[in-house]
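From a predicted model like this one, the values you see are computed outputs, not experimental measurements. Numbers restart at 1 for each chain; the letters A, B, ... are given by sequence-line order, proteins then strands.
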Amino acid sequence: MLDIQLIRKSPQVVEQALLRRGEDIPLERILHLDETRRKLLQEVESMRANQNQLNRLVGRAKGTRTADDLSALVEQVRLMGYEVGPNTASTREGFASFLVHLGRETLSQVLDQRQADIRRLDKKLESLLLYLPNLPHPTVPEGTGDEDNVTVRTWGEPPTFPFTPRPHYEIGEALGIIDFERGVKLSGTRFYVLKGAGARLQRALITFMLDVHTREHGYTEAYLPFMVKGECLVGTGSLPRFGDNLYHDAEEDYWWVPTAEVPLTNLHRDEILEPGTLPLCYTAYTACFRREKMAAGKETRGLKRGHQFDKVEMYKFTEPDHSYEELEKLVSDAEDIVQRLGLPYRVRMLCAGEMGFQSAKSYDIDVWASGVGEWLEASSCSNCTDFQARRTRIRYRPEPGARPQLVHTLNGSGLALPRMVIAVLENYQREDGTVSVPPALQPYLGTEVIS
RNA sequence: GGAGAGGUGUCCGAGCGGUUUAUGGAGCCGGUCUCGAAAACCGGUGCCCGUUUAUGCGGGUCGAGGGUUCGAAUCCCUCCCUCUCCGCCA
């Protein structure tokens, strides 16, 4: 969510920034709602201040007046009579005619109605704000499509083969380690079963990644719920706008997580973090569930885009001043994994139009897959600045006793499993159909070759 | 799933219709004392919104949402959560 005060103060700046993402926002409507709301709020609050003052008068009079006298006073206050004290300036007649004008008997009734108006405005305003994406950082390149993303570096060379390299779905089926047919039998299209060395390869990769992140990169491992409440998804930005990509259990109102980013963000929801606790760095393995309502074809063949996939996620809560340097470290932590596996990759800075809803700046890590002959997005690392922190009310205290401020949140895949399995199988394949195991994984798999 | 007990500020914990405008303590901040520290003592200190921005002023906030009342942390209703015992289970 964007800061309403920023929108109020610099509407054109916000409008222009979002235009870079191709978002045309209902600015006039937002500003009008905000102004109406504040006007009404001031009116209600001054009425309430009046009411509070009179009620205090009754409380104080309780000990000093007779019962008859007191009930007369209560009756006057009930009708908002203004003859109750020496310092009440307004006239009773004036107020009575105000109430008559509104068709109401008492101030309470007027207040109730006004407050309902404010609640309605609040809801409208909030629902508009929840649909606005984050502002792109000034360093983010212009553009709306894949071709506008900027490659910032590449690592490694695509391997060459004395034979035509095969795609992973052929290698996997031939080795009996990926079973597409039985996956479909169990759960339908876009599900698969990993067996034997296939299942073990994925598990080895998960353990390897978690070990490196926790032992060498300074992350704390977390095991998280795979189902969460709807408010968690509102907190990250997945709801209300992208609900059609999520699985939802209507009976219990549980949502399957589309990424560990969702439970990780909400770990510290509604908390004020004490000085000295930032940055907080977490890593977690979870399964991820997505509807992915796209048509079948090249984009979905094999392991590339299933409804269920595994991912190791990295996540940081940081102070605002350090979030962009932490983003660079986050990317290099993900790169470290790919390098140790000896897989060629490129890092791309996403253009304004290609970034996720919640992100202010994102890098993708694309791993080269020799069989399908394409770059596969295996990681996306984003600085969400205070966008999610505002939705989830995650704050920190810069100094003891200082006012709480919103934290910045960052997330990055470290990395997505199916695409790493694809890259390993395709880049390490051999002519006889077997696959050699990258040295870093050999202790985890207990073998040098998958055959 | 059954029965009972509870949810109060960063934490602990009182209050159960109105001098409470949320008592008290811990913690934290500042000060006194000290060569320095600890202890002791004094003062300050929740969060959100609006307004003003120089200190200010006002409103909201006691798990959430409704209701009763001139007035609700306090009474009533609905829901959520936690704990204890029993049952069931990996």
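When each of B:U10, B:G60, B:G50 is scored by its nearest atom to the side-chain atoms of A:I272, the top-ranked nucleotide is B:U10. You'll find that the side chain of A:P404 is closest to B:C47, out of B:C47, B:U51, B:G66.
For A:S451 and A:T434, the side-chain atoms include no donor-acceptor pair closer than 3.5 Å. When only modelled atom types and interatomic distance are considered, A:E181 and A:Y192 share no side-chain donor-acceptor pair under 3.5 Å. Neither side chain, A:Y315 nor A:T283, offers a donor N or O lying under 3.5 Å from an acceptor on the other. Using a 3.5 Å distance cut-off with no hydrogens or angles, the side chains of A:H408 and A:S323 do pair a donor with an acceptor.
Dashed line: the shortest gap from a side-chain N or O of A:R38 to OP1 or OP2 of B:U52 is not under 4.0 Å. Distances shown here put every side-chain N or O of A:R397 at or beyond 4.0 Å from the OP1 or OP2 atom of B:U10.
If A:Q42 and A:E274 are placed on RNA chain B by their nearest nucleotide, the residue sitting closer to the 5' end is A:E274. Of the residues near RNA chain B, A:R395 and A:Q115, the one whose nearest nucleotide (by heavy atom distance) lies more toward the 5' end is A:R395.
In this structure B:U23 sits in no base pair that meets the Watson-Crick or G-U test at under 3.5 Å. Of the nucleotides present, B:G31 is the one that pairs with B:C41 by Watson-Crick or G-U wobble criteria, both distances under 3.5 Å. Within the shown strands, nothing qualifies as a pairing partner of B:G87 under the Watson-Crick or G-U definition with both distances less than 3.5 Å. Base-pair partner of B:A73: not found among the strands shown (Watson-Crick or G-U wobble, both distances under 3.5 Å). Across all strands shown, B:U82 is found opposite B:A5 as a Watson-Crick or G-U wobble partner, with both distances under 3.5 Å. Pair check for B:G58 finds B:C49; Watson-Crick or G-U wobble, both atom distances under 3.5 Å.
The P atoms of B:U51 and B:A38 are separated by 43 Å, rounded to the nearest whole Å. Atom name P, nucleotides B:G1 and B:G65: the rounded distance is 25 Å, in whole Å. For the P atoms, the distance from B:U19 to B:G56 is 25 Å, rounded to whole Å. Rounded to the nearest Å, the gap between the C1' atom of B:C28 and that of B:C11 is 12 Å. A distance of about 36 Å separates the C1' atoms of B:C77 and B:C89, rounded to the whole Å. Rounded to the nearest Å, the gap between the P atom of B:G66 and that of B:A73 is 14 Å. Taking atom C1' in both B:G71 and B:C79, the straight-line distance is 26 Å, to the nearest Å. B:G24 and B:G15 are spaced 11 Å apart, taking the C1' atom of each and rounding to whole Å.
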Next on the checklist: Before you tell me yes or no, could you show the steps for A:Y285 and A:D310 under side-chain hydrogen bond (donor to acceptor under 3.5 Å, both in side chains), namely the whole-Å CA-CA distance, both residues' side-chain angles and the distance that decides it to 0.1 Å?
Outcome noted: CA-CA 7 Å; A:Y285 153 79; A:D310 281 9; 2.9 Å; yes
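B:C80 atom P lies 11 Å from atom OH of A:Y254, rounded to whole Å. The nearest whole Å value for the distance from the CZ atom in A:R48 to the P atom in B:C49 is 18 Å. Across the protein-nucleic acid pair, A:K9 atom NZ and B:U51 atom P stand 13 Å apart, rounded to whole Å. A:R8 places its CZ atom 10 Å from the P atom of B:C49, with the value rounded to the nearest Å. Atom-to-atom, CZ of A:R119 to P of B:C48 comes out at 22 Å; the value is rounded to the nearest Å. Rounded to an integer number of Å, the gap from CG of A:D122 to P of B:G59 is 19 Å. Atom CD of A:Q5 is separated from atom P of B:C49 by 7 Å (rounded to the nearest Å). The distance between atom CD of A:E271 and atom P of B:U10, rounded to the nearest whole Å, is 11 Å.
Rounding to the nearest 0.5 angstrom, the gap separating the CD atom in A:E216 from the NE2 atom in A:H213 is 10.5 Å.
A salt bridge links A:K311 with A:E313; the closest basic N to acidic carboxylate O contact falls under 4.0 Å.
No contact: A:E231 has no heavy atom under 4.0 Å from any strand.
You'll find a donor-acceptor pair under 3.5 Å spanning the side chain of A:E45 and the base of B:G58, going by distance alone.
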